[in-house]
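Below: one structure, written as structure tokens.
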Amino acid sequence: MTDERHQRQHRADTGPRLAPLPEDGWDPATRELLAPLPRDADGRLANVFTTLVRHPDLFRHFLPFGSHLLREGRLPDRTRELLILRTACNTRAGYEWGRHVPLARAAGVTDEEIRRICAGPEAQGWPPADAHLLRAADELHRDARLSTATWSALAAGHDEAQLIEITMLVGQYHMVAFFLNSAGTRLEPAYEAETPPAPPGTGAHAAEGAHGDA
């Protein structure tokens with residue numbers, strides 16, 4: 001067995017560090033918290049929610065903010081999903097990537113573009129507006145700030161509220177990735193086919209991380 005297969009088998013054997021709370025264990029308060037959320041095609045809620053709800057007070061405050069960015073934000077859907085998927089690549093958050101690839105497709109991101117996201121903003125084929133978004137996600141990940149050049153480039157096509165939202169959106173999905181990766185939240189079987197490609201030039205360890213614990 002290769003090292004990579006051994007590591008994957010080890011994860012499968014040990015399971016998540018925090019398991020999703022099973023539905024038969026939900027008390028009335030938990031049911032109330034989870035009731036507004038859409039269920040997957042199999043009738044179950046996403047593992048991210050049924051795990052995070054183990055901290056009900058935090059969940060109660062987290063959900064409106066995350067839902068606003070995802071459903072009611074001022075950024076176009078395509079812009080939002082490019083930023084989220086690049087953040088998922090940067091944080092090696094396989095769960096985040098797997099759940100958002102279908103949303104990106106629905107927002108008009110092509111399969112070829114999805115495959116290219118982990119190659120970064122310098123990859124051939126990105127129009128300048130898309131490259132600026134990916135670069136913004138990279139700078140926020142690396143430097144915790146946007147460079148003057150990137151801010152100016154984004155300001156040419158976004159209003160003040162959208163500029164604020166770009167930074168908050170990337171920060172939100174970093175926070176979620178930290179939780180998912182640390183808790184070992186498992187991607188639901190219906191989404192397992194969606195795994196982030198390793199960036200060009202990375203070795204097996206980096207690729208494993210991209211597919212890994214989240």
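Throughout, residue positions are numbered sequentially from 1 according to the sequence presented. The figures here come from the full heavy-atom set of this structure, side chains too, leaving out hydrogens, waters and symmetry mates.
Tyr95 approaches Ala46 most closely through the heavy-atom pair OH-CB, 3.5 Å. Taking every heavy atom of both residues into account, Leu21 and Trp26 meet most closely at O-NE1, 2.9 Å. Closest approach of Glu96 to Thr91, counting heavy atoms only: OE1-OG1, 4.2 Å.
Of the possible donor and acceptor atoms, none in the side chain of Arg80 sits under 3.5 Å from a partner among the backbone N and O of Leu69. In terms of modelled atom types and a separation under 3.5 Å, the side chain of Asp143 and the main chain of Arg145 share no donor-acceptor contact.
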- Test log, rule salt bridge (charged side-chain N to carboxylate O under 4.0 Å, His left out), inputs Arg99 and Asp40: CA-CA 11 Å; Arg99 294 292 307 199; Asp40 288 341; 2.9 Å; yes
- Message: Apply salt bridge (charged side-chain N to carboxylate O under 4.0 Å, His left out) to residues Arg105 and Glu81 and explain how you reach the verdict.
- Response: CA-CA 9 Å; Arg105 289 194 182 109; Glu81 295 304 322; over 6 Å; no
- Take Thr30 and Asp27 through the test side-chain hydrogen bond (donor to acceptor under 3.5 Å, both in side chains) and record every step on the way to the result. CA-CA 5 Å; Thr30 299; Asp27 62 21; 2.8 Å; yes
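A distance of 7.5 Å separates CD1 of Ile166 from CG of Leu146, quoted to the nearest 0.5 Å. Annotation: the span from Leu83 atom CG to Arg86 atom CZ amounts to 11.0 Å, rounded to 0.5 Å.
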Result block: side-chain N/O donor-acceptor pairs under 3.5 angstrom for residues 153-160, not counting sequence neighbours:
unit_1, atom_1, unit_2, atom_2, d
His158, ND1, Leu154, O, 2.9
Asp159, OD1, Ala161, N, 3.2
Asp159, OD1, Gln162, N, 2.8

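Between Arg186 and Glu192 there is no salt bridge, since no side-chain nitrogen of the basic residue lies less than 4.0 Å from a carboxylate oxygen of the acidic one.
Side-chain contact check for Pro20 versus Thr51: some heavy-atom pair is nearer than 4.5 Å. Trp97 places none of its side-chain heavy atoms less than 4.5 Å from the side chain of Leu187.
In this structure, Tyr173 has its ring center closer than 6.0 angstrom to the ring center of His100.
Ring planes of Phe59 and Phe62: tilted class, angle from 30 to 60°.
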